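All remarks here apply to the structure that follows.
Remember, it's a predicted structure, so these values are computed and weren't measured experimentally. Below, chain A is the first sequence line, B the second, and so on; all start at residue 1. Just so you know, these numbers use all the heavy atoms, side chains as well, and skip hydrogens, waters and symmetry mates.
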Amino acid sequence: MNPASDAGIFTERLLNEGGAQATDLLQYLCSIQQHYSCIPPQAVETLARVLALTPSVVLGVIEFYSFLHRTPRGQFDILVSDSITDQMLGSRDLLQRLCDRLGVCVSQPGSDGRATVATTSCTGMCDQGPALLINGQVVTRVDNERLDRIVALVQAGSPLEDWPQDWFSVSDNVYRRDQLLDEHSANGDSLRVLLDRGAADLLQELDDSGLRGRGGAGFSTALKWKLCRDASADERYVVCNADEGEPGTFKDRVLLQSWADTVFEGMTLCAGIIGARRGFLYLRGEYRYLLDSLHTALENRRASGLLGSAILGEPGFDFDIDIHLGAGAYICGEESALIESLEGKRGIPRIRPPFPVTSGYRNRPTVVNNVETFMAAVRIAEHGSAWFRSKGTAQSPGTKLLSISGDCRDRGVYEYPLGVSIEEVLSDCGADDVQAVQVAGAAGRTLPPAEFGRTLAFEDVATGGSFMVFDHTRDVLDVVQNFTRFFAHESCGFCTPCRVGGSLLRDLVDKLHDGHGSEYDIREMRDIAGLMQAASHCGLGHTAPAPVLDLLDHFPDVWRQRLAAGGFEPSFDIDAALSEAKQLTGRDHSGGRMGGDV
Amino acid sequence: MADKIRIATAPLAGCFGCHMSLLDIDERLLDLIEVAEFDCSPLNDFKRVGSADIGLIEGGVANTENVETLRDFRRHCRILVAVGACAVNGGIPAMRNQFDLRDCLEESYVNGIGVENPMIPNDPEIPLLLDKVHPIHEVVKIDYFLPGCPPSADSIWTFLTELIEGRPVSFPYTQIHYD
Ligand SMILES: Cc1cc2nc3c(=O)[nH]c(=O)nc-3n(C[C@H](O)[C@H](O)[C@H](O)COP(=O)(O)O)c2cc1C
Ligand code: SF4
């Protein structure tokens, strides 16, 4: 580890190489964190001075992102994925074992500077978990044996390059292919169609296809592009949302790993239609391992005249793509928070309207689309809207990628025509004895078997692609507890209904989980949930209570049997809360017990 | 008027501001005692709650005495009300929650400026402190929450009159918004 004292020099060098733009603050911080396992004070000072920001702005950004730290994490920063599906594969035991073997406590850097062990939100490896991130690199399929070998390497201080490289391999696990996941990777065909037919005509084709955004909300892609194209401005931008933070989603990872060309071509197509010259891929920090291959793909496209100036020899068709890394913040998947983050700031959602299509990155018209949406746009340009509409339903044309994890035989990515029933999906992935399915991630719906006849489509159960299966050996309350903790942790803290409501819900679910919940608490949960849905500033707060409400509405047997007798229970153990004072005053016997009767 | 409504009030971990605000209803106190009478309250200095229709609690729960008083009120009051920010949320006293209890006590009684005979007080007469300060609804069931720091005399008045008259309690905007 380099001494922190040269952090100022290191930072100056980064700034010189990178052009010293304040919008790149987060990118500089990611590099510094990667190098020093923290952001040393000298780096903060240098960044603030050169970028003409105040130190508190820089510190505010550091504090916002989970992967940035002000104190060193040590030579190895190990994060255990805490997604419910990783937990089901034994991640919690692994966490404990890791801490025991390395002699550290969770989230506390070891005193010898060797390692920190902590948990992190879903890493998007649910089909090959339990997963760890070590210094930002993913290790999949961790079992006790692999863990013990990891511990030995950590204790020996062996650099990651010397570790068995197959540990870092991430598989695609594609089980079902349809329109999108064909064999070829895009080589400019869709861009030739654009140049042949012209932007207006292709936009019409896209409109005829009825393509709706694959990130979950299902907004018309053609309309989004048209609004951006029509907005008057000197610059426009294309942003690909690869934040993929929704627990249980990993299909964008597969697309970026094996179909990156098609994704980049989709962005270029969009740029050609709306008139953008610059684009960004916002890649979640968890997918840092993809950086090299993505940069190579971009280089190759530049070399083939598919990116850069005069694309395909067309004068004026200039477009290039930068990759920006996230740093462990689910909220940065929300498009306006993502744009803030792209600008190097804390990922706080903006007030909308204005929407990004008229005022996005640097307040210029900006299209933000999901990875899969760009890919579908390429296919539509290549094959036409009728072809696209031959799959799916009238209101939800085309196909959708699902990321399937949890209790089933074949975990991985499945491409289905929209309108497929939940039953059919369950049967294909080899899931039986199913108690519940979580569609669309923590922010989605928890559905019991009575609802399995429903279909995955925008007009029925909408989804961004997460599909988690829980059989009867699982406790639905464990699942809900995991999700409410996730939201309380990921709330950006900007508005009170979500910041406070999310923590209150988390505490009430914990209480119910531990057998201390009462009818009173159930009413409280409903009240708080309603308030969060009605009064939160962004989609995170609106959807955060969904798992709790689904639990209450669809799984009454699960929570009723956990209710404490009587209408009310204190929210904490009063006797336990007195033990510290008793010990400090040596009054072990006076004061008596307070527990029990109310 | 037949039996008068009985009101009991208690200060837990608060600053007495909510009680001062209750007194701030001024001459309306005379209207109040037309229909109500006080059970125990710092206003009449009766120490133990007898039996009341409405119990008003100021302050959060910081120690064993607070727990006992609060439970006593719950047993003896038909309707129990959290009055003010500290009762509702823990308020200012709960700012100690971000420190360990040991650090709080040592700062006050051991390391503080001007402390003589430094020691953490351990007299059995002194109520034991809870490790954290809690809002009162975390200890007993609460029927109504009256926000404010303190709630204004007008909002206390609105609340009591509507409750006593058996109407659904609702406030004019100005009484419960602070922006
Ligand atoms: C809390 C939150 C997280 C989100 N995360 C993502 C994400 O990881 N990926 C994504 O494509 N969209 C995400 N979205 C939706 C985006 O705001 C936006 O609607 C989407 O990127 C638009 O692209 P589309 O029209 O292609 O779906 C999220 C929304 C919210 C409220
Ligand atoms: S709803 Fe939650 S995530 Fe969204 S702005 Fe409010 S605090 Fe932030």
Side-chain angles (χ1 to χ4, degrees), chain A residues 63 493 495-497 499-501 503-512 514 516-528 531 535 563-598, chain B residues 60-77 80 82 85 88-90 94 96-97 99-110 118-145 147 178-179:
Chain A
E63 294 290 340
C495 71
T496 314
R499 183 187 64 248
V500 176
S503 314
L504 291 175
L505 271 191
R506 175 199 59 204
D507 293 349
L508 286 167
V509 168
D510 284 352
K511 191 177 173 190
L512 185 63
D514 296 344
H516 296 297
S518 63
E519 288 286 356
Y520 178 86
D521 297 316
I522 302 292
R523 283 196 300 278
E524 281 284 291
M525 286 189 203
R526 285 197 186 276
D527 278 358
I528 294 166
L531 192 118
L563 280 191
F568 184 88
E569 278 264 320
S571 68
F572 61 100
D573 179 342
I574 297 175
D575 285 318
L578 288 171
S579 61
E580 192 177 353
K582 286 184 179 173
Q583 192 214 331
L584 287 170
T585 56
R587 287 165 57 193
D588 272 345
H589 304 293
S590 63
R593 284 173 50 79
M594 304 279 343
D597 81 312
V598 179
Chain B
V61 182
N63 61 31
T64 45
E65 186 193 25
N66 297 156
V67 175
E68 277 160 14
T69 307
L70 185 58
R71 285 179 170 171
D72 219 19
F73 263 64
R74 181 68 276 181
R75 271 187 226 106
H76 294 102
C77 301
L80 200 57
V88 175
N89 289 321
R96 80 156 153 94
N97 289 0
F99 304 100
D100 285 342
L101 184 58
R102 172 187 289 279
D103 293 339
C104 295
L105 289 171
E106 287 184 346
E107 182 64 24
S108 299
Y109 297 106
V110 181
M119 65 172 289
I120 293 175
N122 60 2
D123 191 299
E125 292 272 320
I126 304 174
L128 278 171
L129 290 174
L130 298 173
D131 56 356
K132 304 285 175 211
V133 178
H134 292 264
I136 63 175
H137 68 267
E138 294 192 359
V139 177
V140 299
K141 178 172 178 293
I142 297 300
D143 304 296
Y144 290 91
F145 297 84
Y178 311 95
D179 46 0

| Does the side chain of I574(A) come within less than 4.5 Å of R71(B)'s, by heavy atoms? | yes
Starting at [atom1] of [X], measure out to [atom2] of [Y] and round the result to the nearest 0.5 Å.
X	Y	atom1	atom2	answer
T585(A)	M119(B)	OG1	CE	9.5 Å
R587(A)	I120(B)	CZ	CD1	12.0 Å
K132(B)	F572(A)	NZ	CZ	12.0 Å
L578(A)	L129(B)	CG	CG	9.0 Å
E138(B)	K511(A)	CD	NZ	8.0 Å
L101(B)	E580(A)	CG	CD	4.5 Å

Pick one of side chain, backbone, both or neither for [X], based on which atoms fall under 4.5 Å of a heavy atom in chain A.
X	answer
H137(B)	both
N63(B)	neither
L70(B)	neither

